[in-house]
Amino acid sequence: MALTHETLLEGSKMWGLFYLIGFSICVLIYTFLPSNRERFERAEREIFDEDDGPWK
């Protein structure tokens with residue numbers, strides 16, 4: 001098996017695709033974990049409760 005530019009390019013595209021798919025799955029798992037629910041709800045409340053009016 002010769003290590004040509006085409007084989008390296010095909011391998012990097014394949015592993016890059018697997019990396020992005022795996023990273024996306026990890027982000028989705030982290031987002032929907034029940035233990036993170038309070039953290040995300042607190043972040044939502046803090047953004048909207050403090051600055052309710054226009055800037056001066």
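- Nearest approach of Thr31 to Phe40, heavy atoms of both residues: O-CE1, 3.5 Å.
- Under a 4.0 Å N-O distance rule, the pair Glu38/Arg45 qualifies as a salt bridge.
- The aromatic rings of Phe18 and Trp15 stand perpendicular to each other, their planes meeting at an angle above 60°, with 30° marking the opposite boundary.
- Transitive grouping of hydrophobic side chains (ILVMFWY, heavy atoms separated by less than 4.5 Å) brings Ile25 and Leu17 into a common cluster.
- Rounded to the nearest 0.5 Å, atoms CD (Glu41) and CG (Asn36) are 11.0 Å apart.
- Note that the CD atom of Glu10 and the OG1 atom of Thr4 stand 9.0 Å from one another [nearest 0.5 Å].
- One finds the OG1 atom of Thr7 at 4.5 Å from the CG atom of Leu3 (value rounded to the nearest 0.5 Å).
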